[in-house]
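Beneath this line is the structure, given in structure tokens, with notes to follow.
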Protein chains: 2
Amino acid sequence: MKTKQNTLYVGSLAKGLRLLRAFDESHREMSLSELAARTGLDKSATQRLANTLHVEGMLDKDPGTRRFRPSHAWLEMAYAYYWSDPLVGQAMPKLINLSQELGETVNLAELSGDHIIYVSRLPCKRTYFAATVIGRRLPALSTSAGRAMLATFPEDEWRAAVDHWPIKPFTPSTTLDRDAIRASVEAAVHDGYAISKGQMILNEMAVATPILGPDGRACAAVQCSVSGHTWDRDRIAAEILPKLQDTANAISPSFLSHRGA
Amino acid sequence: MKTKQNTLYVGSLAKGLRLLRAFDESHREMSLSELAARTGLDKSATQRLANTLHVEGMLDKDPGTRRFRPSHAWLEMAYAYYWSDPLVGQAMPKLINLSQELGETVNLAELSGDHIIYVSRLPCKRTYFAATVIGRRLPALSTSAGRAMLATFPEDEWRAAVDHWPIKPFTPSTTLDRDAIRASVEAAVHDGYAISKGQMILNEMAVATPILGPDGRACAAVQCSVSGHTWDRDRIAAEILPKLQDTANAISPSFLSHRGA
DNA sequence: GCTTTAAGTATTATATAATGATACCTAATG
DNA sequence: CATTAGGTATCATTATATAATACTTAAAGC
């Protein structure tokens, strides 16, 4: 185990975090050996760390199956996050209003490296479970929110992003062609908003408008998801966009601390 | 530092978790020395652990102020939690329907020791920020959801809970009298639902119906919050309750694994 | 129903990796 | 400009995490 050679780096803590991060949508609960296999830690280490996490209330353990799973503490962490993010408090009441006015699903997304992360979701229609859950990370280039945010960056910066940020297919209609994505961001630069179709879910359409920080760079985006069966670009631009933009503008914070590198 | 004398307990990991848990609604970002003071760890330990958490992406660090705060990873943990909790997937579409039908705020709460924790929230009206955020823990006895769940337990068990579980005042009208709480749970045993008023927010009313596990014990509750200015008990019972109960019944799972101790 | 195998649990000697004291640096404050 | 608090870096010491191994339990195969 080549731990980072730094006396300010506590390997045991890092390994414990490895265990926590081993859980995701396709690893919902794990046995000791599954955890060991997935994290690459040996049996003993996994045992010790998992036990510690269990004792400390971070992992629940089914007494019957002896399998571990995330505890309620994981939700409490989201709670603490929300209070620490100045944008959420600003945005929440306005997002609620918006979703009520539109009667459609409204999301708040932030940029997290080259991905976006859904920070708040207000689902109004039945959808896939994944579309209702906060904390989901998606490649920024494949989302209307990501493109709308990128479009507020200096041109060389967003062009570099379009060239290099990751993409991966989610549906048969996910755009994998960077030229097409570039065109989409160009449009967003011009229009001040982005519309996408079928990127994450077949026939789902999304509109997003950036929330601008004091420097003019987007720090987040308000996004609205609708069904492609009942909506088209024109109707979205006419009926959804104005309210979406008002909301995003109303949220844009005066002072906003920058997230550390 | 008296660490628990067990070779299966990794102290460094536990201390790292202490740092994470130091953040809450009134500690949204902290400097190194604040963290040290709050966790009771010495300066060096705090430095090493916080640095590790930063390197591992669990804490953001403002380059200017050098203050730490929860990172987006905290939301990703909530994401993983949601997938691991079988109830949420079951409940989500039904909760969305309910909130749309009622036009009022709908919550899903689970029991977490002697507290309830809000697992899902679908706010429809402007409220206090705290009322819109998932992961919030509240004393079970002070909430309609907690009382509705308790009422499904064997009598000796819920009576013991009423006598011993913690209570604390949130508003001037929070019920601190255990006799009054006992009467409320008794009513819930009889009615199959609980209504409370002004427990957490002045003049806010809440109704809750239990979601029953296969053993007849509630594992969660569906709850609806409304304004006490426009609603009273009778109207809630007449207009909200039926749909609330249908929803809770529809969610009740066939197989539900029990959360580990 | 017995054997085999896999998974979880417990113990221990060993040395690595965490520790905390201290010294250094930086930037506020008076 | 002096003072001080807070953040950062270094290092000798040994406590603490480690990984091998043995033990226990439960499931799978015959």
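Every chain is numbered from 1 and lettered A, B, ... according to where its sequence line falls, protein lines coming before strand lines.
Among the heavy atoms of the strands lying under 4.0 Å from A:S44 is at least one base atom, whether or not backbone atoms are also near.
Nearest-nucleotide positions on DNA chain C for B:L49 and A:R67 put A:R67 closer to the 5' end. Residues B:L13 and A:R66 both approach DNA chain D. Their nearest nucleotides, taken by heavy-atom distance, put B:L13 toward the 5′ side.
With 3.5 Å as the limit, one finds no donor-acceptor pair spanning the side chains of B:S31 and B:R66.
Remark: A:P169 engages A:L176 in a side-chain contact (heavy atoms from CB on, under 4.5 Å) (not counting sequence neighbours). Judged as a ring pair (Phe, Tyr, Trp, His ring centres under 6.0 Å), and not counting sequence neighbours, A:Y118 has no contacts. In this structure A:D24 satisfies the salt bridge (Lys or Arg N to Asp or Glu O under 4.0 Å) test together with A:R38, sequence neighbours excluded. For B:R28, the salt bridge (Lys or Arg N to Asp or Glu O under 4.0 Å) test picks out no residue, with sequence neighbours left out.
Summary of helix geometry: the two end axes of the helix from C:dG1-D:dC30 to C:dG30-D:dC1, each defined by five base pairs via their C1' atoms, are inclined to each other by 50° (rounded to 10°).
Taking the six-membered ring for Trp, A:W83 and B:F129 have ring centres closer than 6.0 Å.
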Letter by letter from the 5' end, nucleotides 24-30 of chain C scores (B base, S sugar-phosphate only, - none; protein heavy atoms under 4.0 Å) -------

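The existence of a salt bridge linking A:K61 and A:E29 is excluded, since no basic side-chain nitrogen approaches an acidic carboxylate oxygen closer than 4.0 Å.
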